[in-house]
S.K.: 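Attaching a single structure in structure tokens format; questions to follow.
For the numbers below, each heavy atom of this structure counts, side chains included, while hydrogens, waters and symmetry mates do not.
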Amino acid sequence: SPLHGVTVILKDSFATADRMQTTAGSLALEGLRAPKDAFVVRKLREAGAVILAKANCHEFSFGMATVSSRGGQTLNPYAFDRQPGGSSGGTAAAVACGFGAIGIGEDTAGSIRSPAAFNSLVGMRPTLGLVSRSGIVPLAPTRDTAGPITLTVSDAAAVLDAIAGYDPDDPVTAS
């Protein structure tokens, strides 16, 4: 399979049907466990990827510093006195540290691209409808999209190929 054995760090806004909580960085959602995987998570598992962990995200993805009531302030691994970007900064910092080979972020207004840039990584915000939003805690459903945070452009392309596709639970993917 295309991502066989590749380790993944997810932003804590993606539902997973395992023992990991889905809190969107908020103490208000602590203990929440999803009944099924987000579409993106299911596609990653089908491609052979191994979901290792969820990373801190800015609370409810609303901010550019990656600070949450659940995880506190995420630090930039290259300079602890600098931010990692937001709101997928925890995912980008984890990939930059080598905790996982790839990361999956969610972008409304720069939340994949900014953390990728701040952590010397590649981040790609797909066009709306290329990747399903179902199973993601939304900030702005008309603007949210999921995408890869990786070390290389070729890794980003491989991840995007794996997670793109039609999802009947997200009508925007039909086009």
S.K.: Donor-acceptor pair, distance only, cut-off 3.5 Å: does the side chain of Q21 make one with the backbone of G31?
M.R.: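 Checked: pair present.
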S.K.: Counting only heavy atoms not in F60 (residues, nucleotides, ligands), do more than 12 fall under 6.0 Å from its CZ?
M.R.: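 More than 12 heavy atoms, drawn from other residues, nucleotides or ligands, come within 6.0 Å of this atom.
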S.K.: Yes or no on side chain to side chain contact (heavy atoms under 4.5 Å, CB included) for L139 and H58, after CA distance, side-chain angles and deciding distance?
M.R.: CA-CA 11 Å; L139 172 59; H58 203 96; over 6 Å; no
S.K.: So does T145 get a backbone contact from the side chain of D107, meaning a donor-acceptor N/O pair under 3.5 Å?
M.R.: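 Checking the backbone N and O of T145 against the side chain of D107, no donor-acceptor pair under 3.5 Å is found.
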S.K.: Applying side chain to side chain contact (heavy atoms under 4.5 Å, CB included) to L52 and F99, what does each step give before you reach the verdict?
M.R.: CA-CA 9 Å; L52 283 184; F99 295 156; over 6 Å; no
S.K.: Donor-acceptor pairs under 3.5 Å, side chain of residues 79-87 to any protein atom, not counting sequence neighbours: which ones?
M.R.:
from, atom 1, to, atom 2, distance (Å)
S87, OG, K11, NZ, 2.6
S87, OG, S111, OG, 3.3

S.K.: Quick check: is L160 connected to V40 through a chain of hydrophobic side chains (ILVMFWY, heavy atoms under 4.5 Å apart)?
M.R.: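 Same cluster: V40 reaches L160 through Ile, Leu, Val, Met, Phe, Trp or Tyr contacts under 4.5 Å.
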S.K.: Sorted by first residue and then second, give each salt bridge (Lys or Arg N to Asp or Glu O under 4.0 Å) pair with at least one member in residues 133-149; sequence neighbours left out.
M.R.: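 Listed by first then second residue: R133-D170.
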S.K.: Which atom pair, heavy atoms only, marks the closest approach of P148 to I112?
M.R.: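 Reported closest heavy-atom pair: O-CG2, 3.7 Å.
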S.K.: Please report the closest heavy-atom contact between F14 and A38, naming both atoms and the distance.
M.R.: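 It is CD2-CB, 4.4 Å.
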S.K.: Should L130 and V41 be regarded as members of a common hydrophobic cluster, given that ILVMFWY residues are connected when their side-chain heavy atoms come within less than 4.5 Å of each other, either directly or indirectly?
M.R.: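 Yes, it is one cluster - the side chains of L130 and V41 are joined through contacts under 4.5 Å.
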S.K.: Might you point out which heavy atoms bring A140 and T108 nearest each other, and give the distance in Å?
M.R.: CB-CG2, 3.8 Å
S.K.: Mind checking whether V159 and V8 have side chains closer than 4.5 Å, heavy atoms only?
M.R.: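 They are not in contact (no side-chain heavy atoms under 4.5 Å apart), so the answer is no.
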S.K.: Counting only N and O atoms by type, is there a donor-acceptor contact under 3.5 Å from the side chain of S68 to the main-chain atoms of E59?
M.R.: no
S.K.: Would you name the heavy atoms of A15 and T22 that are closest together and state the gap between them?
M.R.: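 Reported closest heavy-atom pair: CA-OG1, 3.5 Å.
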S.K.: Below 4.0 angstrom, N of the basic side chain to O of the carboxylate: do D18 and R45 qualify?
M.R.: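 Salt bridge between D18 and R45, a charged N being under 4.0 Å from a carboxylate O: yes.
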S.K.: Does any non-hydrogen side-chain atom of I51 lie less than 4.5 Å from one of M20?
M.R.: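 Of all side-chain heavy-atom pairs linking I51 with M20, at least one is under 4.5 Å.
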S.K.: Would you say L10 and L44 make side-chain contact, with heavy atoms under 4.5 Å?
M.R.: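 SC-SC contact between L10 and L44 confirmed.
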S.K.: Given side chains that start at C-beta, do those of S88 and I149 come closer than 4.5 Å, heavy atoms only?
M.R.: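 Of all side-chain heavy-atom pairs linking I149 with S88, at least one is under 4.5 Å.
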S.K.: Using side chain to side chain contact (heavy atoms under 4.5 Å, CB included), reason through V122 and D155 one step at a time and then give a plain yes or no.
M.R.: CA-CA 9 Å; V122 175; D155 287 349; over 6 Å; no
S.K.: Between atom CD1 of I9 and atom NZ of K54, what is the distance when rounded to the nearest 0.5 Å?
M.R.: 12.0 Å
S.K.: Is it true that a side-chain atom of D12 and a backbone atom of C57 form a donor plus acceptor pair closer than 3.5 Å?
M.R.: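 Side chain of D12 to backbone of C57, a donor-acceptor pair under 3.5 Å: no, none is there.
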S.K.: About how many Å separate OG1 of T66 and CZ of F118, when rounded to the nearest 0.5 Å?
M.R.: 9.5 Å
S.K.: Would you compute the distance between atom OG of S69 and atom CD of E30 and round it to the nearest 0.5 angstrom?
M.R.: 8.5 Å
S.K.: Regarding D167 and T173, is there a side-chain donor-to-acceptor distance under 3.5 Å anywhere?
M.R.: no
S.K.: If you measure from CG on D161 to NZ on K43, what distance do you get to the nearest 0.5 Å?
M.R.: 10.0 Å
S.K.: Please assess T150 against V95 for the test side chain to side chain contact (heavy atoms under 4.5 Å, CB included), listing each intermediate value before the final yes or no.
M.R.: CA-CA 7 Å; T150 62; V95 172; 5.9 Å; no
S.K.: Looking at V6 and A101, what are the two nearest heavy atoms and their distance?
M.R.: CG1-CB, 3.9 Å
S.K.: Mind listing the closest non-hydrogen atom pair of P35 and A17 along with its distance?
M.R.: O-CB, 3.9 Å
S.K.: Would you confirm whether N56, through its side chain, and G72, through its main-chain N or O, come within 3.5 Å as a donor-acceptor pair?
M.R.: yes
S.K.: Treating N119 as the side-chain partner and L121 as the backbone partner, does any N or O pair qualify as donor plus acceptor under 3.5 Å?
M.R.: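 No, the answer is negative, given that no donor and acceptor are paired below the 3.5 Å cut-off.
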S.K.: How long is the span from the OG1 atom in T16 to the CZ atom in R33, to the nearest 0.5 Å?
M.R.: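 One gets 9.0 Å once the value is rounded to the nearest 0.5 Å.
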